[in-house]
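These notes concern the structure reproduced below.
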Amino acid sequence: YMAQGDYAAAQEVLACIVQIDPRSLPGLGMQAQCYMAQGDYAAAQEVLARKLQIDPRSLPGLGMQAQWYMAQGDYAAAQEVLARIVQIDPQNAVGFVYSGTLALLRDDNAKALACAHALIPLPFHPAHLMYLKACAEYGPFLPQMYDNMVKLAKYVGHIADADTSFDRNR
C-alpha cells in the first residue's frame, strides 16, 4: 500500500501488525516511515521512540530518527544520531549518505566530500544512489565532488556515460 501511496490502508495493516506484536521492529519501522511520508512527524517520532527503546542499536531506526531530525531542521541532533550510526557500524553506507546529505544542507563541502570518498570503497548499497541524488540536488559545483560523483556513478553502474550525466556548470 505504501508504494502506491495509500497510506491510510498501509496504516490499517501496520496497526494490526503492531497490535499482534508490539515489539515488531519491521512493523514499527514501516509505521514510522508511513507517518513521515504523510508529514505526521509527531506520530513518526513516537513510533521511532518505541522502536529504539526495544533496540537502541537499530540502524534502520537510527537512520529514520536522523531523517526525522533533518526534516525538523535540527541538524545538530541529526549529526549526533549519524555519529552513533557510524560508531555502531563504521562501514554503514546509509550513515555516510545521511551525513553527506546533512553536510550538503549545511554547506559543509569538506564533510560532503569526505562522505563521498568514504562511500566509494563500500559494497554497493542503494544508499549510493541516494547520495548521488542528494549531490545533484543540493551540492554546489566542486571539481572534487563532481569527480567523486562520476566515480560513484560508474561504480554502481547507474549511468552509462557518467562523464556527461552531471552538469559541470551547477
Side-chain angles (χ1 to χ4, degrees), residues 1-106 112 115-116 118-119 122-139 149 152-153 155-160 165-166:
Y1 293 114
M2 286 175 60
Q4 298 165 343
D6 190 351
Y7 299 111
Q11 284 294 8
E12 286 181 35
V13 172
L14 293 167
C16 290
I17 291 169
V18 173
Q19 184 177 11
I20 292 167
D21 181 4
R23 297 181 61 84
S24 169
L25 294 177
L28 290 168
M30 288 187 286
Q31 199 172 40
Q33 282 180 327
C34 193
Y35 282 129
M36 286 180 68
Q38 292 175 290
D40 189 347
Y41 295 108
Q45 181 58 17
E46 186 245 312
V47 173
L48 283 172
R50 280 191 283 151
K51 180 180 174 96
L52 291 171
Q53 185 176 13
I54 295 166
D55 182 5
R57 294 175 57 92
S58 167
L59 294 175
L62 290 168
M64 281 188 275
Q65 188 178 48
Q67 281 182 304
W68 185 87
Y69 283 126
M70 288 169 68
Q72 302 302 308
D74 190 346
Y75 298 150
Q79 189 59 55
E80 286 179 28
V81 173
L82 294 168
R84 192 159 165 228
I85 289 172
V86 173
Q87 180 184 18
I88 293 168
D89 180 6
Q91 299 295 305
N92 187 281
V94 175
F96 286 115
V97 167
Y98 290 139
S99 291
T101 303
L102 180 59
L104 290 167
L105 291 170
R106 296 173 94 179
C115 289
L119 275 170
L122 297 181
F124 174 72
H125 184 280
H128 286 86
L129 300 178
M130 291 169 48
Y131 195 57
L132 283 172
K133 183 175 185 248
C135 288
E137 287 179 10
Y138 307 119
M149 289 171 66
L152 208 51
Y155 171 70
V156 300
H158 181 62
I159 52 178
S165 296
F166 297 108

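It should be emphasised that the depicted structure is a prediction, and the values quoted were computed from it without experimental measurement.
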Mind running side chain to side chain contact (heavy atoms under 4.5 Å, CB included) on Gln79 and Leu82 for me, showing each step along the way?
CA-CA 5 Å; Gln79 189 59 55; Leu82 294 168; 4.2 Å; yes
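With sequence neighbours left out, Glu12 forms a salt bridge (charged side-chain N to carboxylate O under 4.0 Å, His left out) with no residue at all. Qualifying side chain to side chain contact (heavy atoms under 4.5 Å, CB included) partners for Ala49, counting only residues two or more places apart in sequence or in other chains: none. Under the side chain to side chain contact (heavy atoms under 4.5 Å, CB included) criterion, Ala83 pairs with no residue at all, not counting sequence neighbours.
Nearest approach of Gly100 to Cys115, heavy atoms of both residues: N-SG, 3.4 Å. Residues Ala78 and Leu102 approach most closely at CB-CD2, 4.1 Å, considering heavy atoms. Shown here for Pro90 and Phe96, the closest heavy-atom pair between the two residues is O-CE1, 3.3 Å.
A donor-acceptor pair shorter than 3.5 Å cannot be found between the side chains of Gln72 and Tyr41.
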What side-chain donor-acceptor pairs closer than 3.5 Å can you find for residues 16-36, not counting sequence neighbours?
unit_1, atom_1, unit_2, atom_2, d
Asp21, OD1, Arg23, N, 3.1
Ser24, OG, Gly27, N, 3.0

